[in-house]
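Each remark here refers to the structure printed beneath this line.
Convention: sequence-line order gives letters A, B, ...; per-chain numbering from 1. As the structure is a prediction and not an experimental result, all values here were calculated from the model.
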Protein chains: 2
Amino acid sequence: MSTTREPLSRERVVEAALAVIDRAGIQGCSMRAVAGELGVEAMSLYHHVPGGKDEMLDGVVAMVQAEFVESLDLSDEWRQDMGAFARAYRDALSRHPNVVAMIAARPSVAYRSSTVLVGSLFTSMEDAGFAREDALRAVRVVSRWTIGFTLGEASAVEDGESAGQFDEPLLVEVFTDIARGEADVFEFGLEALLDGLEARLG
Amino acid sequence: MSTTREPLSRERVVEAALAVIDRAGIQGCSMRAVAGELGVEAMSLYHHVPGGKDEMLDGVVAMVQAEFVESLDLSDEWRQDMGAFARAYRDALSRHPNVVAMIAARPSVAYRSSTVLVGSLFTSMEDAGFAREDALRAVRVVSRWTIGFTLGEASAVEDGESAGQFDEPLLVEVFTDIARGEADVFEFGLEALLDGLEARLG
DNA sequence: ACCTGAACACCGTTCAAGT
DNA sequence: ACCTGAACACCGTTCAAGT
């Protein structure tokens, strides 16, 4: 431990919270634990996150979301961009599996921090010939689907380990499959969905 | 309040927990609150739910899931059954919006209580000519998609009320749309996904 | 057998006090 | 200005004790 007294800040608090969540889950993310991560007392956090724990967790969601948005290159070709969006989103969420459920429960925080992205996808689709209404729906369907899929995936990993406990052969098969990883199921579903959207063009 | 001393049971405890969750959310579902619902002290619950709060919440998920599975009639025609499955699932989850996030975080409990259903969908698809692998994937994709969609929908209702707070016109539009209800977005996405799956036949 | 009172080790948060 | 000690009102859970 260095004695350097880097001063606390909103960003450092949120970073520490993300580190604790990645390591110990949301359950383990008490104000006291985050403070401990920073070598500080719990009460100090409130000076930088006045809204308390809720604001801190909102900050964590926004940070993960921002990481992902910045990592994404768009081409203005709707199908490619939709695919890139879904795959990059899944990648980002896989790096922080314990955050996925938080994102799912805070869609407005997620939308807010990806305005540019959603807007770009939306105009790409309109340019390609989708009805305005369908473009709006499609963006929401794909982002929802990706969150939903990754959410299940995040909690399925631990469940997969107990596949043998099922007495129904089909369930054993399903959960063994899950434990092997889900990348191909994700691709299968994504392509099916994009095919279905493409059929609605014009 | 009658003085009838209907004895406590596992089922009554789980029912009371569901009632509290529907009314006050998961946050409000403390052991003390559930006990209060039953006119009993918190410590009494442990005699009927030895695993404590976790087991109680698992029971709530299983109960909502069972309600839904029992309400569903299947026809053995895969596309119709997939659609009926997704729509009935969304309906059931809409009746208990505060439970949706719990289901998303407990996929194994959900699967366990719908073995028969998953098995039936699976064989319908195989009968229709889907490869075994694709049928497995398809069942998972559709159930995930439905959970993910409904999850966002459940928390979007409250978010929709604050649509005006966004400074980006597109976001205002998106969230106003959400507040109006999402049935048509659900139908749009579901039909697109089923179209995409159908294209993979044979 | 079923229920409970008191207690333990936690939690988020407040607020007056320290430097 | 920034941090903290002590305290408050909660929480899940244990266990010996009551009926």
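- You'll find the side chain of A:R200 stays beyond 4.5 Å of the side chain of A:R137, heavy atoms only.
- For B:S71, there are no side chain to side chain donor-acceptor pair (under 3.5 Å) partners two or more places apart in sequence or in a different chain.
- Considering CG of B:L117 and CG of B:L74, their distance stands at 5.5 Å, rounded to 0.5 Å.
- Helical stems in DNA chain D, defined as runs of 3 or more consecutive Watson-Crick or G-U wobble pairs with both donor-acceptor distances under 3.5 Å, are listed by first residue as C:4-8 with D:12-16, C:12-16 with D:4-8.
- For residues 21-30 of chain B, proximity to DNA chain C is found at no residue, defined as any non-hydrogen atom under 4.0 angstrom from a strand atom.
- Among residues two or more places apart in sequence or in another chain, the salt bridge (charged side-chain N to carboxylate O under 4.0 Å, His left out) test is passed with A:R79 by A:E191, A:D195, A:E198.
- Not counting sequence neighbours, B:E11 has no partner by the salt bridge (charged side-chain N to carboxylate O under 4.0 Å, His left out) test.
- Non-hydrogen atoms lying under 4.0 Å from DNA chain D are contributed by B:K53, all within residues 53-61 of chain B.
- Of all the residues in residues 38-47 of chain B, B:M43, B:Y46 reach under 4.0 Å from DNA chain D with at least one non-hydrogen atom.
- B:R32 places its CZ atom 12 Å from the P atom of C:dG5, with the value rounded to the nearest Å.
- Contact annotation: the side chain of A:H47 never approaches that of A:L8 to less than 4.5 Å [non-hydrogen atoms, C-beta and beyond].
- Considering CD of B:E37 and CG of B:L18, their distance stands at 10.0 Å, rounded to 0.5 Å.
- In this view, B:D58 and B:R106 satisfy the side chain to side chain donor-acceptor pair (under 3.5 Å) rule, not counting sequence neighbours.
- Listed by chain and number, the residues in a side chain to side chain donor-acceptor pair (under 3.5 Å) with A:D76 amount to none (sequence neighbours excluded).
- Applying the side chain to side chain donor-acceptor pair (under 3.5 Å) criterion to A:E41, with sequence neighbours excluded, gives no partner residue.
- Rounded to whole angstrom, the span from the CE atom of A:M31 across to the C1' atom of D:dG5 amounts to 17 Å.
- In terms of modelled atom types and a separation under 3.5 Å, the side chain of B:T150 and the main chain of B:I147 share no donor-acceptor contact.
- Within the 4.0 Å cut-off from OP1 or OP2 of D:dC2, not a single side-chain nitrogen or oxygen of A:H48 is found.
- The salt bridge (charged side-chain N to carboxylate O under 4.0 Å, His left out) check on A:E55 picks up A:R10, with sequence neighbours excluded.
- Scanning for side chain to side chain contact (heavy atoms under 4.5 Å, CB included) contacts around B:L121 gives B:D81, B:M82, B:F85, B:V139, with sequence neighbours left out.
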